[in-house]
2 protein chains.
Amino acid sequence: MCNWLHMHRVAYYRAAMALEHAILVSLAERSASGYELARRFDASIGHFWKASHQQIYKVLGRMEADKLVESHLVAQDGRPDKKVYAITGEGRDELAAFTTTPTGPEVLRSDLAVKLRALPFGDRDAIVATVRQRRADHLATLAGYEASAARYYPDPSAVPAEQLGAWLVLSGGMRAERGGIEWCEEILQALVPQAPGEETR
Amino acid sequence: MCNWLHMHRVAYYRAAMALEHAILVSLAERSASGYELARRFDASIGHFWKASHQQIYKVLGRMEADKLVESHLVAQDGRPDKKVYAITGEGRDELAAFTTTPTGPEVLRSDLAVKLRALPFGDRDAIVATVRQRRADHLATLAGYEASAARYYPDPSAVPAEQLGAWLVLSGGMRAERGGIEWCEEILQALVPQAPGEETR
DNA sequence: GATGCATGTGCAACCAGTTGCACATGCATC
DNA sequence: GATGCATGTGCAACTGGTTGCACATGCATC
């Protein structure tokens with residue numbers, strides 16, 4: 001029972017709705033409640049696609065109306081009931097179709113870049129502090145990724161086929177963090193020239 | 001004449017409104033019409049912060065109401081009149097204040113990551129094609145950045161202080177593109193194992 | 001018994017950005 | 001003269017996402 005609006009949306013906006021597809025991937029791997037999905041987005045997928053629980057519930061509702069997922073209530077003891085969502089056949093079709101659509105160039109939005117360009121008009125020390133913070137964030141995120149990598153992919157040259165995609169994503173995440181760290185260090189070198197040893201924190 | 005809404009917005013949303021700040025930076029460097037700003041966003045700043053001309057006109061209108069910028073009409077011959085915007089003192093204050101606000105971790109949204117995680121549920125060849133396209137896009141963007149770098153910063157070790165921020169942004173852009181290219185190549189190696197020479201396109 | 005916390009679902013208001021469209025000038029080209 | 005293009009400004013409708021809030025269960029802790 002697709003109404004016109006639904007068809008319109010699927011036809012024209014598919015490329016822009018990656019949150020739906022991220023949820024479909026997550027549910028294709030394992031069924032989950034909205035709450036569990038939100039925590040997965042905090043933990044693994046969320047490193048590459050953030051989503052609040054409110055947004056997830058909203059999208060899940062729409063996806064259920066679109067028959068991409070279906071839910072059933074599960075009673076629990078010691079905790080509130082939960083609504084477990086599972087991907088449908090239509091959802092799997094949509095996910096497969098998504099992989100065949102071309103992806104436009106990534107949109108990157110860098111607050112830090114704007115601040116750097118504002119260097120002549122702003123507070124140099126504050127910007128340096130921001131860069132140090134950013135560097136620390138990248139280091140912490142990288143450490144988390146490396147722990148995941150060591151745990152789940154101890155031998156990167158022999159990743160099982162069904163985990164290859166997830167491994168490549170994690171590897172890309174580590175690359176991005178390392179690149180971010182190097183950029184921060186280049187910036188600090190340029191803005192705070194001093195003995196390299198002092199730049200450890 | 002700040003109304004309550006305005007104060008509310010400035011107080012709570014400053015960190016999230018980087019487009020305004022990107023425009024302020026651009027206008028601090030040189031006054032411009034909306035049309036010219038849109039082209040700058042296509043050319044230089046836009047590599048790190050996209051904005052359509054419609055969005056720019058909308059934000060400029062709000063910024064003028066907020067007294068961050070001011071405009072005057074300029075008649076031209078052979079072309080339509082234009083409305084040239086200039087940054088105000090208040091705008092410069094706002095820009096300086098922006099540089100002192102902490103920046104949260106960057107939100108990255110990667111369609112490609114979602115597609116990679118969808119590998120077991122989708123079309124491997126189509127994903128490979130997407131990665132090849134992405135790699136080509138990164139190569140083209142990088143070539144553009146390198147041309148800018150060679151032209152405007154022939155000696156990276158001696159960048160004038162007032163251009164340092166812009167140079168660091170450009171350098172970060174090149175880093176990001178090179179990182180993206182390497183990631184694409186890692187993905188292609190993993191998905192299409194073959195003689196390296198064949199992976200040139 | 002109150003307070004806080006993890007679990008669990010969701011609405012309402014708002015904001016930023018996209019898409020599609022409208023309309024205007026003046027030049028160059030078919 | 002029509003058609004297209006670069007220049008120029010902008011509105012209306014919509015979507016994706018954020019923020020703030022509400023409400024519920026049951027456990028542990030003060």
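Side-chain proximity of Gln55(B) to dG10(C), dT9(C), dG17(C): nearest is dG17(C). The Ser52(B) side chain lies nearest to dT19(C) when the options are dG17(C), dT19(C), dG20(D). If you check dG17(C), dG8(C), dA16(C) against the side chain of Gln76(A), the one that comes closest is dG8(C). Taking the side chain of Pro80(B) as heavy atoms from C-beta on, and the options dG10(D), dG8(D), dG8(C), the nearest nucleotide is dG8(D).
Taking atom NZ on Lys82(B) and atom P on dA6(D), their separation rounds to 18 Å, with Å as the unit. Atom pair Leu73(B):CG and dT9(D):C1' shows a separation of 11 Å (rounding to whole Å applied). Residue Tyr57(A) contributes atom OH, which lies 20 Å from atom P of dG16(D) at whole-angstrom precision. What separates CG of Asp81(B) from P of dT7(D) is a distance of 16 Å, to the nearest Å. Here the P atom of nucleotide dA6(C) and the CG atom of Asp42(A) are 13 Å apart, to the nearest Å. As rounded to whole Å, 14 Å separates atom C1' of dA16(C) from atom NE2 of His21(B). Between Tyr35(B) atom OH and dT25(C) atom C1' the separation is 12 Å, expressed in whole Å. With rounding to whole Å, Asp77(B) atom CG is found 15 Å from dT7(D) atom P.
Atom SG of Cys184(A) is separated from atom CG of Asp137(A) by 9.0 Å, given to the nearest 0.5 angstrom. The line from CD of Glu94(B) to CE of Met63(B) is 8.5 Å long, rounded to the nearest 0.5 Å. Between atom OG1 of residue Thr99(A) and atom CZ of residue Phe121(B) there is a gap of 11.0 Å, rounded to the nearest 0.5 Å.
In the interface, the side chain of Gln54(A) is not paired with the base of dG17(D) through any donor and acceptor atom under 3.5 Å apart.
Listed pair Arg79(A) / dG8(C) meets the phosphate criterion, a side-chain N or O lying under 4.0 Å from OP1 or OP2. Within the structure, a side-chain polar atom (N or O) of Arg109(A) is placed less than 4.0 Å from OP1 or OP2 of dG17(C).
Mapping His53(A) and Gly78(A) onto DNA chain D via the closest heavy atom, the residue that lands nearer the 5' end is His53(A). Nearest-nucleotide positions on DNA chain D place Arg39(B) closer to the 5' end than the other of Lys58(B) and Arg39(B).
In summary, Glu29(A) and Arg40(A) do not engage in a salt bridge, as defined by a charged side-chain N under 4.0 Å from a carboxylate O.
Residues satisfying the side chain to side chain donor-acceptor pair (under 3.5 Å) criterion with His47(A), sequence neighbours excluded, are absent altogether. Among residues two or more places apart in sequence or in another chain, the side chain to side chain contact (heavy atoms under 4.5 Å, CB included) test is passed with Ala38(A) by His53(A), Ile56(A).
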So what does the secondary structure string of DNA chain D come out as, 5' to 3', with Watson-Crick or wobble pairs under 3.5 angstrom, [ ] for crossing and | for pairs with another strand? ||||||||||||||||||||||||||||||
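Taking the ring centre of Phe41(B) as origin, the terminal cationic atom of Lys50(B) falls outside the region bounded by 6.0 Å and 45° from the ring axis.
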